[in-house]
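The structure appears right after this line, and notes come after that.
As the structure is a computational prediction, the values presented were derived from the model and not from experiment. Note: hydrogens, waters and symmetry copies are ignored here, and every other heavy atom, side chains too, is used. Throughout, a chain's letter reflects where its sequence line sits, starting with A, and its residues are numbered from 1.
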2 protein chains.
Amino acid sequence: MNPCKNHKACTNEALKNAEEICKKKGVKLTKLRETVLRLVWKSHGYVKAYDLLEDLKKIDNSAKPPTVYRSLDFLLEHGFIHKIQSLNAYVGCGHPNTHDNCYFLICNECQNIEEHCSKNINDIVTNTSEKINFLPNKITLEISGTCKECS
Amino acid sequence: MNPCKNHKACTNEALKNAEEICKKKGVKLTKLRETVLRLVWKSHGYVKAYDLLEDLKKIDNSAKPPTVYRSLDFLLEHGFIHKIQSLNAYVGCGHPNTHDNCYFLICNECQNIEEHCSKNINDIVTNTSEKINFLPNKITLEISGTCKECS
DNA sequence: AAGTAAATGTTATATTATAACATAATTGAT
DNA sequence: ATCAATTATGTTATAATATAACATTTACTT
């Protein structure tokens, strides 16, 4: 899954997108936040907060849990990463301009995560919910299984 | 949401179902497991593991985290409860014989959870996944929002 | 009754995340 | 440029969630 030809390019694009969006929004992608985003993007797999912390410590030994969680919070808030609830893990967002209607395919073998967006699925969920007068706010859809390459 | 007329009846039915299914499967719904299941069913809302632990301690002061988690594991394994991944919480399953294709509507106001099943949603997810040769194994679909009564 | 498997008890610790307060950097108004 | 305010980061401590490892008890099988 996600056999990207050139992962450095993926990462750089993600970083560039984040920069642009921050600029547009008037928020700051500080050095720390950028570093954390880069670390999240070290692969197309998911990363765990305390693994990020270990990675950060290699750069700045004084890093502590809040260092990581604050950056993660910022990155989540602005849609540069997503949290995978079923794994307590984080993954970079490949299309941070439109982070609606997303769901995640999680390969149990290679740990890679593919983010998909489907207005279709989103509409069905929304319609079904509204039929019973439930007003949906946030949809968490995570599908674990085995990806093409691993099966 | 879930304005059940008689929650005692809900609970008793859940307990009865669990008993029957255990009998059929040849597994044991021990006193402890039954107690935990009853505690999970104290409402239609979700419960947190350490709240259950507090509840259990009122009955048996020697209860400890593994006491709760082991029972939860058993109840999860046999489909008597579900884990709500986005909340790290647990909720009773209202129809434990057929716990496929389920998703959860979580009201942010009243904390109640309604479990729904839709072969429709499940099929769409499955088809969409398979189109890209992803073999789905487990689908986590959790929708938080506001229920009819709370909106 | 003895042996085995399953369940529970118990201690300790791992993992994930946040609260609370201190300091530093940045911004914006004067 | 300076001060005040805001934002970001540093730091210490601890809360919240979950499991590992081993001991004991209970239940089941023969």
Mind jotting down which residue pairs meet the salt bridge (charged side-chain N to carboxylate O under 4.0 Å, His left out) criterion with at least one end in [range]? Sequence neighbours excluded, please.
| range | answer |
| --- | --- |
| residues 7-23 of chain B | none |
| residues 116-127 of chain B | B/K119-B/D123 |
| residues 36-45 of chain B | B/E34-B/R38, B/K42-B/D55 |
| residues 126-144 of chain A | none |

How would you list, by chain and number, every residue that makes a side chain to side chain donor-acceptor pair (under 3.5 Å) with B/T128, sequence neighbours excluded?
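Scan of B/T128 (side chain to side chain donor-acceptor pair (under 3.5 Å), adjacent residues dropped) gives none.
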
Partners passing side chain to side chain contact (heavy atoms under 4.5 Å, CB included) against A/T30 (at least two apart in sequence or in another chain):
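Once residues adjacent in sequence are excluded, the partners of A/T30 under the side chain to side chain contact (heavy atoms under 4.5 Å, CB included) criterion are A/K28, A/L32, A/R33.
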
Between [X] ([atom1]) and [N] ([atom2]), how many Å, whole number?
| X | N | atom1 | atom2 | result |
| --- | --- | --- | --- | --- |
| B/E77 | C/dA6 | CD | C1' | 13 Å |
| A/L53 | C/dA14 | CG | P | 15 Å |
| B/L32 | C/dA6 | CG | C1' | 13 Å |
| B/H78 | C/dA7 | NE2 | P | 8 Å |
| A/K64 | C/dT18 | NZ | C1' | 16 Å |
| A/K28 | C/dA25 | NZ | P | 13 Å |
| A/L76 | C/dA17 | CG | P | 10 Å |

Bend across the helix from C/dA1-D/dT30 to C/dT30-D/dA1, to 10°, with axes taken over 5 pairs at each end?
30°

What contact category does A/K83 fall into here, base, sugar-phosphate, or nothing, at under 4.0 angstrom with non-hydrogen atoms?
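Contact class for A/K83: sugar-phosphate only.
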
Quick one: ring-ring contact (aromatic ring centres under 6.0 Å, His included) partners of A/Y90, sequence neighbours excluded?
none

Residues pairing under ring pair (Phe, Tyr, Trp, His ring centres under 6.0 Å) where one sits in residues 12-37 of chain A, two or more places apart or in two chains, turn out to be none

Pairs satisfying ring pair (Phe, Tyr, Trp, His ring centres under 6.0 Å), at least one member in residues 6-29 of chain B, at least two apart:
B/H7-B/H44

By nearest heavy atom, map A/N88 and A/R33 onto DNA chain D; which one lands nearer the 5' end?
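First, find each residue's nearest nucleotide; the 5'-ward one identifies A/R33.
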
Does the side chain of A/D60 come under 3.5 Å of the side chain of A/S62 through a donor N or O and an acceptor N or O?
yes

pi-stack flag for A/Y50 and C/dT15, centroid dist under 5.5 Å, interplanar under 30°:
no

Residues touching DNA chain D, which here means a heavy atom under 4.0 Å, drawn from residues 67-74 of chain A
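Residues of residues 67-74 of chain A under 4.0 Å from DNA chain D: A/T67, A/R70.
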
Range on DNA chain D touched by chain A, heavy atoms, distance below 4.0 Å
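So the contact region on DNA chain D extends D/dA8 to D/dT12.
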
State whether the side chain of A/K48 and the backbone N or O of A/N88 hold a donor-acceptor pair below 3.5 Å, judged by distance alone.
yes

Let me spell it out: for each of A/D51 and A/P66, pick the nucleotide of DNA chain C with the closest heavy atom. Which residue's pick is nearer the 5' end?
A/D51

